[in-house]
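Data first, discussion second: the structure below is written as structure tokens.
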Amino acid sequence: MTIIKINAITVPADSGDELAHRFAARAGAVDGQDGFEGFELLQPTDERTTWLVVTRWRDEKSFQDWVSSKNFAHGHGAAAAGDGDSAGTRPKPVGLSAELWSYRTAGGSTGTAE
């Protein structure tokens, strides 16, 4: 059964573009992870400053395997290419806070194609 992990990241009002840039620099980095089903970065369209990182996983074990992987450590503990200075110094975090939410699908609709 698919599980959904949502990382709610609150950023300063003027830092959303930097968050999007950092995610774009690592686009596809998790694609090959066993059990990974998809990813979306959701930008608020109102005055909110909380962005949502939505990932879908085959099961909890797949997500936990990724969290304990070297790829996760690299992406979350080291600067993405081009984000550090020439000495390899990690850039300051963009987010003011982050909260991880976990869900499973309990209903829905696939829509109607026309």
Side-chain angles (χ1 to χ4, degrees):
M1 169 183 291
T2 296
I3 65 159
I4 300 159
K5 298 292 185 176
I6 302 170
N7 191 5
I9 304 172
T10 301
V11 300
D14 61 349
S15 296
D17 288 344
E18 177 62 20
L19 182 70
H21 168 76
R22 291 185 189 187
F23 271 89
R26 294 203 26 86
V30 71
D31 288 354
Q33 182 70 33
D34 185 45
F36 177 71
E37 297 179 350
F39 155 83
E40 294 171 317
L41 175 63
L42 303 181
Q43 176 181 4
T45 58
D46 55 20
E47 71 283 350
R48 297 172 208 222
T49 58
T50 300
W51 290 55
L52 302 178
V53 181
V54 180
T55 58
R56 291 175 305 286
W57 298 88
R58 178 179 56 226
D59 51 32
E60 182 67 27
K61 181 180 182 320
S62 297
F63 174 73
Q64 292 301 328
D65 287 349
W66 175 66
V67 169
S68 62
S69 73
K70 290 179 183 177
N71 285 339
F72 179 91
H74 174 72
H76 291 82
D83 282 344
D85 62 19
S86 60
T89 303
R90 182 177 177 195
K92 293 179 182 177
V94 175
L96 298 172
S97 66
E99 189 176 346
L100 182 64
W101 304 335
S102 185
Y103 291 84
R104 67 176 175 203
T105 303
S109 174
T110 58
T112 306
E114 295 195 29

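Just the heavy atoms: all of them, side chains too, but no hydrogens, waters or symmetry mates, feed the values below.
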Kindly compute the distance separating [atom1] ([X]) from [atom2] ([Y]), expressed to the nearest 0.5 Å.
X	Y	atom1	atom2	answer
L19	L41	CG	CG	6.0 Å
E60	K5	CD	NZ	3.5 Å
R56	T105	CZ	OG1	9.0 Å
I4	R104	CD1	CZ	11.0 Å

Open item on the list: Does D65 form a side-chain contact (heavy atoms from CB on, under 4.5 Å) with W57? I'd like the steps, not just the answer.
Closed with: CA-CA 11 Å; D65 287 349; W57 298 88; over 6 Å; no
Between [X] and [Y], is there a shared hydrophobic cluster once you connect ILVMFWY residues whose side-chain heavy atoms come closer than 4.5 Å?
X	Y	result
F36	I3	yes
F63	V53	yes
V30	L100	yes

- [ ] Could you pull out all residues at least two apart from R48 that satisfy side-chain hydrogen bond (donor to acceptor under 3.5 Å, both in side chains)?
- [x] D46
Open item on the list: side-chain contact (heavy atoms from CB on, under 4.5 Å) for L52 and E40? Distances and angles first, verdict last.
Closed with: CA-CA 8 Å; L52 302 178; E40 294 171 317; over 6 Å; no
Open item on the list: Parallel, tilted or perpendicular: which one describes the rings of Y103 and W101, with boundaries at 30° and 60°?
Closed with: perpendicular
- [ ] Anything under 30° is parallel, anything over 60° is perpendicular, the rest tilted; go ahead and classify F39 against F23.
- [x]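 Geometry flag for F23 against F39: parallel rings.
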- [ ] Examine distances only and state if a side-chain atom of S109 and a backbone atom of G111 form a donor-acceptor pair shorter than 3.5 Å.
- [x]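 The answer is yes, because a donor-acceptor pair under 3.5 Å joins these two groups.
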TODO: Would you check if the side chain of S15 reaches a backbone N or O of E18 as a donor-acceptor pair within less than 3.5 Å?
DONE: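 Here the side-chain-to-backbone pair does not exist.
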- [ ] Taking salt bridge (Lys or Arg N to Asp or Glu O under 4.0 Å) as the test, write out the residues that go with E37, two or more places apart.
- [x]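 Salt bridge (Lys or Arg N to Asp or Glu O under 4.0 Å) check on E37 returns nothing, list empty.
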Ignoring hydrogens, what is the shortest heavy-atom contact between [X] and [Y]? Give both atom names and the distance.
X	Y	answer
V94	V11	CG1-CG1, 3.8 Å
L96	P12	CG-CD, 3.8 Å
A98	N7	CB-OD1, 3.5 Å
W51	D17	CZ2-N, 4.5 Å

Open item on the list: Ignoring hydrogens and geometry beyond distance, is a side-chain donor-acceptor pair present between T49 and T10 at under 3.5 Å?
Closed with: no
TODO: Establish, from distance only, whether the side-chain atoms of D59 and S62 form a donor-acceptor pair under 3.5 Å.
DONE: yes
Open item on the list: With heavy-atom distances below 4.5 Å as the criterion, would you say the side chains of F72 and Q33 are in contact?
Closed with: no
